[in-house]
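What follows is a single structure, written as structure tokens, with notes after it.
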Protein chains: 2
Amino acid sequence: MNDHASHILNTDSIEQKWSDGEREIVRATYRVMVEHGYSNLSISKIADELGKTKASVYYHYDSKEELLVSFLDFVVDWFKNDIAEEISESPETALSNLVESLIPLELDDETFHGQVVLLELRSQTRRSEEFRERFTEINDLLVGIVRDIIERGVETGAFRDVEAPRVAEHIVATANGARIDRVTTDRPAAPAAVRVSLSSYIDSELRQHD
Amino acid sequence: MNDHASHILNTDSIEQKWSDGEREIVRATYRVMVEHGYSNLSISKIADELGKTKASVYYHYDSKEELLVSFLDFVVDWFKNDIAEEISESPETALSNLVESLIPLELDDETFHGQVVLLELRSQTRRSEEFRERFTEINDLLVGIVRDIIERGVETGAFRDVEAPRVAEHIVATANGARIDRVTTDRPAAPAAVRVSLSSYIDSELRQHD
DNA sequence: GTCTATAAGGTGATAGAC
DNA sequence: GTCTATCACCTTATAGAC
């Protein structure tokens, strides 16, 4: 699994259930957001990025709201495709790989801005139920992955018999907290500290030592 | 310590370094944000809430940006005053009290909306360095409190000899992750799960059992 | 300190031609 | 599908009277 928002919306990771026009618009939307932030997003800027006019955007989407929900659907899809990778390993390495990718030591600028954009969108939860549903799905997916890894480890005897659902919530909450801290503060040492402490927690609480 | 945004900006917890006019404006700003969200905040709405006109607001603040930074200064101040409470207890109870208040089981509506507003503002980190500084300060403060409790516990022998700075970052990241999950998703069981797992982590990793 | 009035510009969205 | 033109509205911010 890659960093949360890296290479987001790459064509090859997006399913075929959208038309070319919609796909182009959503990708342009993402580029505008990475450059200007969600709060400065406008249909005009999207149209400029596309090299077309506002009316052309409104041919594909009836409203800005609908476009944003569509954008979130792309994010969810990307997330599903991206997260499915490399969990065929042993539970121990799968979990530590996941932690490492959830809390990377460094972020390139585009990924960084992509994370901020997703946080901006996440904070718009009052906008509609549709928004809320998408972020609920993303968190459910991530927690589900972690829980499955832990349960698999418990079955194979690699992990102690912990309560997988709770521990999974704990790990995901920690990773998300670290990620948000990184992109909203100047505390450069924090992410690495969290990662070390979380890894040591996993090692001593979950791992079955012989 | 109370919930992050409960009773925020109560008059008695705010210092005297602002004029009455500014204080009134900032408190009106908060009320507008709780009702309409940060992204729908406007000078007009603040003026309406105050029962005055836009020009009156601009007499006190040269720009919306300046007003928002001033608002964040109030938040930081509130945070300082609020967080200083009840840490005179034993390290064990101080830490578990803190975790309980950082991850409350229930949130009333106003506190809930207040948390969303703070998340919206936090996501506006690209707006200016001033924004970023305030949230850096808030996180530093919180991590500092936790670290001090842990260090005190290590000194008194209540806790094992853990690396206080790292564990503090871990605990705060987890609490923040749980808080953001709560206000941006429909996953009602998640906060309690995180809280249980975090408490059990603290109990088994930190506590010196005899 | 607060008011009225206004400027200058961006926004989401639509009508109708091609 | 894309265009031009336009609408109604809201925004931040200022000038000047009281």
Side-chain angles (χ1 to χ4, degrees), chain A residues 11 16-74 117 120-121 123-124 126-131, chain B residues 11 16-72 117 120-121 123-124 126-131:
Chain A
T11 7
Q16 309 292 62
K17 55 180 157 181
W18 288 279
S19 73
D20 286 359
E22 288 169 332
R23 195 160 31 236
E24 283 306 303
I25 291 172
V26 169
R27 298 185 77 229
T29 301
Y30 180 65
R31 291 196 301 273
V32 172
M33 279 177 160
V34 165
E35 189 177 352
H36 302 282
Y38 155 77
S39 57
N40 294 118
L41 179 73
S42 71
I43 306 291
S44 314
K45 290 200 184 95
I46 295 169
D48 288 351
E49 176 73 28
L50 276 169
K52 304 196 172 155
T53 63
K54 286 191 292 177
S56 192
V57 173
Y58 278 106
Y59 171 80
H60 293 280
Y61 290 100
D62 287 342
S63 70
K64 187 183 183 183
E65 188 69 18
E66 192 185 294
L67 198 168
L68 287 172
V69 171
S70 183
F71 173 82
L72 286 184
D73 282 333
F74 272 75
V117 164
E120 284 187 271
L121 285 164
S123 76
Q124 298 306 306
R126 300 177 82 180
R127 181 181 290 278
S128 73
E129 267 306 308
E130 312 226 80
F131 259 60
Chain B
T11 7
Q16 310 292 61
K17 54 180 155 181
W18 288 280
S19 73
D20 286 359
E22 288 169 332
R23 195 161 30 236
E24 284 305 304
I25 291 172
V26 170
R27 298 186 75 231
T29 301
Y30 181 65
R31 291 195 301 272
V32 172
M33 280 177 159
V34 165
E35 189 177 352
H36 301 282
Y38 155 78
S39 56
N40 294 117
L41 180 73
S42 71
I43 306 291
S44 314
K45 290 200 184 96
I46 295 169
D48 289 350
E49 176 73 28
L50 276 169
K52 304 197 173 155
T53 64
K54 289 188 290 178
S56 192
V57 173
Y58 277 107
Y59 171 82
H60 293 279
Y61 290 100
D62 287 342
S63 69
K64 187 184 183 181
E65 187 70 19
E66 195 184 291
L67 198 168
L68 287 171
V69 171
S70 184
F71 173 82
L72 287 183
V117 164
E120 284 187 272
L121 285 164
S123 76
Q124 297 307 305
R126 300 177 84 179
R127 186 183 225 64
S128 73
E129 266 306 307
E130 312 225 80
F131 259 60

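Reminder, nothing fancy here: chain letters follow the sequence lines and each chain counts from 1.
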Output the single nucleotide from C/dT2, D/dC3, D/dT11 whose closest atom is nearest the side chain of A/Ala55.
-> D/dC3
Measure from CG on A/Asp48 to P on D/dC3 and round the result to the nearest Å.
-> 11 Å
Side chain of A/Tyr58 - closest among C/dA13, D/dC3, D/dT12 | C/dA13
So, does B/Glu49 use its side chain to make a donor-acceptor pair with the main chain of B/Val32 at under 3.5 Å?
-> no
Looking only at atom types and distance, does a side-chain atom of B/Glu120 sit under 3.5 Å from a main-chain N or O of B/Gly37, one as donor and one as acceptor?
-> no
So among A/Val26, A/Ile25, A/Asp73, which one has a side-chain contact (heavy atoms from CB on, under 4.5 Å) with A/Trp18?
-> A/Asp73
Taking atom P of C/dG10 as reference, at what distance in whole Å does atom NZ of A/Lys64 sit?
-> 15 Å
The nucleotide from C/dT2, D/dT2, D/dA13 with an atom nearest the side chain of B/His60 is C/dT2
Within this structure, what is the CD1-to-C1' distance between A/Ile43 and D/dT4, rounded to whole angstrom?
-> 18 Å
Please report, rounded to the nearest Å, how far the P atom of D/dT4 is from the NZ atom of A/Lys54.
-> 12 Å
How close or far is atom P of C/dC18 from atom NZ of A/Lys52, stated in whole angstroms?
-> 21 Å
Quick one: is D/dC3 close enough that its OP1 or OP2 comes under 4.0 Å of any side-chain N or O from A/Thr53?
-> yes
Round to the nearest Å and state the distance from B/Arg23 atom CZ to C/dG1 atom C1'.
-> 17 Å
Separation of C/dT14 P from A/Tyr59 OH (nearest whole Å) = 15 Å
Return the value, rounded to whole Å, for the distance between atom CD1 of A/Ile46 and atom C1' of D/dT2.
-> 17 Å
Would you classify A/Ser42 as touching base, sugar-phosphate or nothing, given that sugar-phosphate means primed atoms plus P, OP1 and OP2, and contacts are heavy atoms under 4.0 Å?
-> sugar-phosphate
Would you kindly say whether A/Gln124 and B/Ser39 are connected by a side-chain donor-acceptor distance under 3.5 Å?
-> yes
